Each structure stands twice: as structure tokens, then as C-alpha cells.
Amino acid sequence: MYSGIPMNYNFNEIEKKWQDHWAKNQTFRAKNNCDQPKYYVLDMFPYPSGAGLHVGHPLGYIASDIYARYKRHKGFNVLHPQGYDSFGLPAEQYAIQTGQHPAVTTEENIKTYRRQLDQIGFSFDWSREVRTSDPAYYKWTQWIFIQLFESWYNNSSDKAESIDTLITVFETDGNAKVDAVCDDEIEVFTASEWNAFSIEQQQEILLKYRLTYLAETEVNWCPALGTVLANDEIVNGVSERGGHAVIRKKMTQWSMRISAYAERLLQGLDQIDWTDSLKESQRNWIGKSVGASVTFNVIPNDTGSAKYKIPVFTTRPDTIFGVSFMTLAPEHDLVSKITTDNQRAEVEAYIKATAKRSERDRMADVKTITGAFTGSYAEHPFTKEPIPVWIGDYVLAGYGTGAVMSVPCGDQRDYDFANHFNIPIPNIFEGIDISEEAYGAKDNVIIANSDFLNGLSYKEATKKAIVALEKLNQGEGKTNYRLRDAVFSRQRYWGEPFPVYYVNGMPQMIDTKHLPIRLPEVEKYLPTETGEPPLGRADVWAWCTESNTVVDNEKVNNTTVFPLELNTMPGWAGSSWYFFRYMDPTNDDVFAREKALTYWENVDLYIGGSEHATGHLLYSRFWVKFLKDRGFVSIEEPFKKLINQGMILGTSAFVGRIVATGDFDGSEDVQTIHTDFFVSKPYADLIISDAEKAKQLMEIIANHYSVENKDQKFARPFTIGVSPTHVKVQYVNASDELDIQGLKSDSEFGDDYKDAIFVSDTGAIITLDTDSDDTFKVSREVEKMSKSKYNVVNPDAICEQYGADSLRLYEMFLGPLEQAKPWNTAGITGVHGFLKKLWKLYMGDSGLNITDAEPSKDNLKTLHKTIKKVEEDIENFSFNTSVSTFMIAVNELTAQKCTSKAVLEPFLVLLSPYAPHITEELWSLLGHEASISTAAFPQFDANHLVESSKNYPISFNGKMKFTLELPLDMSKDDIEKTVMAHEKTIAQLEGRTPKKVIIVPGKIVNIVG
RNA sequence: GCUCAAGUGGCGGAAUUGGUAGACGCGCUGGAUUCAAAAUCCAGUUCCUUUGGAGUGUGGGUUCGAUUCCCACCUUGAGUACCA
């Protein structure tokens, strides 16, 4: 243990001491009953991966920790918790490979995370830790799922209500008047019909209304992962995790009726303080478009007499007279029904061809226009003219109705399609040329050739067209959203089990008082041979309605014991509400007690990565709105302010390996051979630009191989090039010089560098046993931090070598929080040196160097300008600039030889959010018993910054030439006189008379002429 | 293609109610200290053809004055992708 007062800054001892102290005294425990104003600072909780943290991960945590500590100094009761999103795919993939239970590896990974987090000195309230994979936690995830099941969305009240209110309506009035968000095509029934339905029939109907429902849906199936994926888990047509192929497949799945909340999710964005880009991605994801639904009647053809209707959605009902064809998605249900015999072969061939194209091909190739004519015609609602009905894969089955009214003059895709298939392109825009391309803009159009819409603008024509369509009963105004209901089932093991069992195929909820339903044990984490999810392997996975327990599968009799659901919940289930659990983490009666919920309300500041824009952040908002509707919480939005921290990139290091190209064996085949020669960066540049130098090196190489190794092939003429090869950044110093010995003896590279010959800056071969001055420089490049690029920097090593305070300061010092920026360990010596200077300022050479001396004017000026700047910076989340400010302050106070306690004590408080360990240590050396975190933030006093004079920049035509110290209270006239009389002014003017003299008192003087 | 960011020394970056461009730090150069190295300290460090001139991606514009405001363009990064 640490004792006495060391003269040197012994960060390892100091940091360990205070981390232990904080943990032991629960210094950062948030109070639930408190008169202080609350402040809730949250980080997006991590998935505990096996790789542990690299220096990029803590960036956001450091920023939020600074803010949390700052808010404590400002008198707030701060909730700053941390936990783990501990269900997830990687642990399960690892389990499949090794047989290790995911719970075991997860526990190990969490231990590593915790150790790494602890050593950085975060002020987390660990007494509130949550883990999504903990049954005490997922009990409530299951509970929320049940609440969603027991709810429907009433459009009339614009909120979710208990399913009981819906049943009451059905019992008394049937469903004709119900305005709900529900499945399409629900049959209308009366009250008496409802009451006559069997229980199963009733349940089947209710399922179409519930906010979470079981339905056969077309899903994104990932064969490699053996599970379905949500839209936001697919990036560029492949799985976000692992990059595996994804195909469309119909499966019975739990879904969440998030589409019910589309409008509120959109509107709510205006109420929250998020970045515009993040709000924009959510807006795009929700994808609201306002327009009309229009129904086209199919003209009965020779083969069929049925009267089919084609409903379409359009944002441009004003262009309805420009329709010259219709296009259906190839998957559209009507296609097979309306295709004429003549066209059947062609249509079927086309459908087959498009089905074969993967989603990825379709996305990659948007230029090729394909389609087929069905042979059928639809009737134009107004002109009654026949319109040919085509199919084409540019129309998406999943959006709108899967069919479009094609207006080639107003939509480029329709235009291209019409051109390709020689379909007429009628022009309905007055004075607009459409011979080259469609005119898609809505502004400044005047509709023509459109009967009763002639002469109208987009807005007027849209209104009028909708009214006319409504009169015909063939359309109405409609708003469409791109946002689809979210698939909630995963065919995986390591996730929350559903509290669901099946009676005659109908899902039944387990009563909430029997929760949690714990994840069963399985012997293998793979799907069953019959293709069921891993839970299908569990032996004890049936629900007994008598004992209300999970029992052996063999007991299933479908009268009292029923099979349980085999899917598990997706990763976003547990993370959609965890911020509430921190408020009351151990409560076993409710997910969080009301008192805690009303005190802490919502998250004031949320920091995390932007990759969660359309997943976690949208789902959380959805669940919170739902919980509010049902009266469980009182807030509408979970995260008031949100900041995305930028990614920290790695600075990769490369050694230039010489590759030789030539015909080495006389076979006349040109080969490229990787030699054992590596060249230093400056020399590599030289041989590329200087043929003479290259020749010299070639000779050396040829000699090496032919003489020493008796390898004749290099004696022939050849050419050389430099191939950059990644090496570990650990072997490179601040001057980009390589530790050759270190690299050679690194076991991870094996024998790669055993025979390596390193050529120095000057072109000399570096020998390791002589102490020459030859150095070898690597080339560098900024890339994403990743193990394969050997540029990963572990915070453990940084903490050991420089300390957590240095790490914290440096991460902030790198640049603006929200920007991506490269990490380069070399630069950390700057902030580390600052901490040493700070230590020296307080400790002197022979012990505490603090006196009760009156602070000087300069001391106070330095202190107060620092208070002002740091406070402004923290409020603006500009942490990088306050680190500079601290450096300037310490430089100034050192130069001023300041020893005044009245200045040095408050300065520690300013710095403590950034560098909590060293400030806590110095604070206690100053005689304080209580933690520095309890100290009040210093008060800024502008009086200390008042100046009597100003060093005016004197510019000529806007260019500053010299400065002049003048009193601040000097009048404009006097300033002009003084400046004009100055010898440097006279010299500048060279006899010219200035046209104008601009004087801004306290700012500048500009002489024009 | 569309949307949103961002372009400033060798590097990370600072400066925005328009007013001394390059703060702070890294690196580099020179010096002190040292047997030597590390560490520490001091000085210098945008560029150039240097009694001066140019300069914040490029070209224009507004202004006494533009990194900051306006217009056009270029480049890079992120997101999104046939959404009717």
C-alpha cells in the first residue's frame, strides 16, 4: 500500500489507491431519495466480447464520465450506471465451436471488461449494474413482451390500449367501427358473430390486432447463422455480423407492430436534442410519404371473368392522367390471376428469372431494365381507357401495395421502363420538355392534358384528384410509411426465452407471476436435425398449467402440459428498456418502482455509437411510447440528448518488403518474388524516384542471393518494387522508428522476419549487434482499428505505462468527441508531461508547495479564465479544447511560481472530472477528508479578467502589420491620432494618405488606402 | 444517385455574433544537463525566390476586413439505396 508523500508522480500507486477507495466507500452511488436535482448520464452498454476493450471503446465512456463528474460538482444527484448487453451471437457462435456454455464465456468476458473499466477510473454506480442475460432482468423483458401481447393500437385515441377494451367493443359492436392498426384484410364481423366464434377463432382474430403477433412473414433468413435477421441487422445485403448471405423465406414468426408508432416516432424527433444526421436517418428509415391510394379495375379478359382490382399507392395523384401503364411486383398475388394465356409463358419465365436473382444482385444491378406484359388491361378511373398491366422487378413487393400506376413523364423509373418497352409517354406538364428525361419535381408544374386538372398546380391538382377519386369510390388520401413491423423471433439459443406455450397451435401467455421462464439447458447449441431452433434440443421444455412450472417434454399431453415456444428474443429486446432498470435494478415486484421512475424520468445525456441509429434507438423509443400508453411510465422519449462519439482509428505501421519481378529461371515466365529485404521509408521513397539508387539496391540483393545463398536466379536482371506489410504498432516509437529486435523475436509473426534484412534510411544494411546510428523507419497509414491490421492499442498497456489519467486526457485531447480521429500512442507523452508538470507545481522538489499566500492578480486571471473556458467547454461537449486550457493554465501558474492555495485548490476541482486520480490525491494532500467529487465547482468572477489596455493589431488593407498597446478607455479619435502618428504607420504608408481608418475599440485598427 | 458531415503546417487539431490564422500537443532542429542514454529544461519550427511576398480544398462574390457569410465546383468520409 501507498504511504508517505512521494516527490515523483507515481501514477500507478495513486490510481490503484483511489480506485479502491471509491469502490470501498461507494463514492459514486446515486441516491434515490434526494432533494437535489437529478441528472441521468448513460452510456450505451457494451456487448462483452471476448477481445476485450481497445482504446477506441472507452472514448464515449470517458466523455460521459467527465460530464457526470462535472454535474456532481454542480450539485446534481447523478445517475451514471453501467451494465452489459450480455445476450448475443458471438458467445453463441463460440459455444457452437467449443461446446462452452455461453453463460460461462459471457461471465469471463464480463470480468475482463470490468477489470478494464475499473482501471480507467470511471465514476459508475456499480451497485446498479444490469445484465440482459440475468433471469432477474429478463423476467421483466418477458413481462413487457406479455404487455405488448395484451395490447392493441387504437387509432381513435392514438395510443395502445389493453386488449380487453377491444374485446368489449367486439362483444357489443363487432369490428366494423374499430379503427386499429392491424393486419390487412380482416373480415368484418358483428357482435353476435363474434360471440358465436369459437375461442380459437376469437384468438386468431385478436392476434391480428395485438402489438406483438405471430404471423407468417417473409423474413431475412441467414443460413450461415441459422437465424432470421431484422432489416437493420443487414448491411449491403449481407448479415451485419459475419457478412453472410441473406435470403428471403416465409416463416411463422413473432413480430412487433412498430408500424403503429410510425407517426409518433417521426413527430417525437422534433422534441429531442439529437444530431440532425441521426434524426435524418430515423426519418428516412420511417420513410413517410403522403399521397393517395387509387384502385384500378382490371378489364375482364377472355380467360377470366372475375373482376380484379389493383390498388396502388402514389404520392402524385395529380399526375393520374399521365398514367400509360401499370407495373406489378413479380411476386404480386394478382399476377398469376390476370396473366393471359398468350403471355403466360413469358411471364412465368420472367418470374423464375427474378426469383433466382438474389437480393444482392438486384441491388447491385439497378440499371438493367426488365419486365413482362401480363396481357391484361386495367381501366383508367377517369378516362376509362385501357391501360396495359406489366410486371417488373423495379417494383418492390414489400412497399405500398406492391403495384404502381406508372407515370413515365413524371418518374424516371417509369420513364426508363416505358422507353425500354416502347410504351407511350404522354406529357401532362405544361411547357416542360420530357424528350430526354422525366420531370420529377413538384414545384412550378402546371398540369395539362388532364381534363379537369388542367391549369392547376401540384397542390391544387392533388386535392382535386383525390376528391374526384373519392366520388368514384376508387381512392382516397393516404399516408404510407416505409417502416415495417419488426420480426422478433430468433432461431438461436442465447437470448430471452418467450413466456409462451402453444395450445392447438395458438400461442398462450404464461401468467406474469410465474416469470422468469429460464433458458433451458441443451447439449448442443445447433438447430435440431428437423430444423427446429436450438431450444428444440431441450429435454425439459414444456409448460404444465397445473403446477405452473417448466416440465419434461415427455409429459406433453396437450391437455394440461403444452410445448413451449422454441424461438428466443432478438438482441434488441433487452436493450430497449434497460435504462429504466438502472433506476431500481433489484426490484422483484415491478420493473422499476414508480417513485424511482418519476424521479429519474428519462436519460438526460446518452452517449454511444451512431451504428445504433435505426436499431436500438428506434426500438427503445417504440417501447417507451408503448409503456407510456399503458401507464407504466410517464415519459414519451427515453433519451433527451444524444451524442454519437466518433470512431477512433488506428495508425497502422508498415515495413516495405522488396519484391523482385523478372524471369528468374529462364522459362520466360515473369515471376514476382518476395525477398527478405525490407527498406526504411525514406530509402523506399528514394529508390522509387531514383533509378540509380534502385540499381544499387538490386545489385546488393542479387549479390546476397547469388553469393551468400548460392542462388543463381537473382543474378539475372530484374526489377524491384516495395510492398508494404503490416507490423505491430507496438514496435514503433514516436519517430516512426522500428524496434527490429522486437519484431524479429515476436512469436506471432513466426519465422516471417527470421532472415529479414533491414536497409536503413541511408541504404546501409542494419546489423543488430553493432551500435550504429542506423535507423529503420516504417510508413504509416490511418485505418480502422483491427487485429488483422496489427494496429490495435490496448488500454491496459497505456494505463500501465502512463496511467489512467493520461489515457483519459489523451482520448479527449485527440479531437472533437463526435469526429473520427486516428490514435497514435506517441502523442500521449504530451498529456503525460502535463500531469508531471502539474504534480511538480503542487509538490515542488521537497514536498507540498502550497501556501496561504494571497494570490497575485496574474494567478487569479489564469484561474478565472480557466474556469470560464472549462465550464463553457464541458457544456458544449468540447472536451479537447479544455485539455489545452489546462495545459496553458499549468504553464502559466508554473511561470508565475504560484503557490497560493486559493488558486491551486479550485484548479484541482476544474481538472478532476478529466483526471480524477491525481486531483483526488493532491486534494487529500491539501488536507481534505472528503472526496474531491463532493467539492463545488469554482465560481467564475469576471472582475479578475478586466483589462486596462489592449494590444491592438494594426492592419493595412486587412493585413496585420504590427501591434500597439493602447489603453482600453482611449477614445476612437485618440486611437486614430496615436496610430497615425506612429513611425511604423508612416513607414507602411510610404507617404500615401489613407482613404479610411476603421477603428473598432477593443478589437482592431484597419487602415485602408 | 440521394442525404448528411468535413476539407487549416510533417501529424492530431485551435480560432465562427466576420476582427492578430496555426492556440495546445506530437514530431523535427539547435542548445543546456549527462560518461552516455532516458528524463528534464531553454530556444526555434506554415511556406517561398525573405528589406518582401503568399497562405485555411478550387474559382468567384459580399465587406474596411472572410477559416467564418453567399454562389458554383472538386475531394474525402459516413449513412442510405429502385420506397412509387
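Reminder, nothing fancy here: chain letters follow the sequence lines and each chain counts from 1. No hydrogens, no waters, no symmetry mates; every other heavy atom, side chains included, goes into these values. Since this is a predicted model, take the numbers as computed values, not measurements.
Between B/G12, B/A39, B/C24, one nucleotide has an atom nearer to the side chain of A/K836 than all others, and that is B/A39. In the set B/U40, B/C64, B/G12, the nucleotide with an atom closest to the side chain of A/K840 is B/U40. Taking the side chain of A/S735 as heavy atoms from C-beta on, and the options B/G27, B/A21, B/C24, the nearest nucleotide is B/G27. For A/R413, taking side-chain heavy atoms from C-beta onward, the closest of the listed nucleotides B/C83, B/C64, B/G13 is B/C83. Nearest nucleotide to the A/T314 side chain, out of B/A84, B/C24, B/G13: B/A84. In this structure, the nucleotide among B/A81, B/C26, B/G12 sitting nearest to the side chain of A/F813 is B/G12. With distances taken from any side-chain atom of A/K1003 to the nucleotides B/G19, B/U80, B/U20, the minimum falls on B/G19. In this structure, of B/C64, B/A84, B/C41, it is B/C64 that holds the atom nearest to the side chain of A/K996. With B/C26, B/A15, B/U20 as the choices, the nucleotide that has an atom nearest any side-chain atom of A/K950 turns out to be B/U20.
No side-chain heavy atom of A/F813 sits less than 4.5 Å from a side-chain heavy atom of A/F886.
A salt bridge between A/R780 and A/D736 is present, with a side-chain N of the basic residue lying under 4.0 Å from a carboxylate O of the acidic one. Contact check on A/E872 versus A/K868 returns a salt bridge, with a Lys/Arg side-chain nitrogen under 4.0 Å from an Asp/Glu carboxylate oxygen.
Checking A/N1006 against A/T885, the closest nucleotide of RNA chain B that is more toward the 5' end is the one next to A/T885. Between A/N951 and A/F313, the one whose closest nucleotide on RNA chain B sits nearer the 5' end is A/N951.
By the rule that a glycosidic angle within 90° of 0 means syn, B/G9 counts as syn.
Side-chain N/O atoms of A/N891 include none lying less than 4.0 angstrom from OP1 or OP2 on B/C24.
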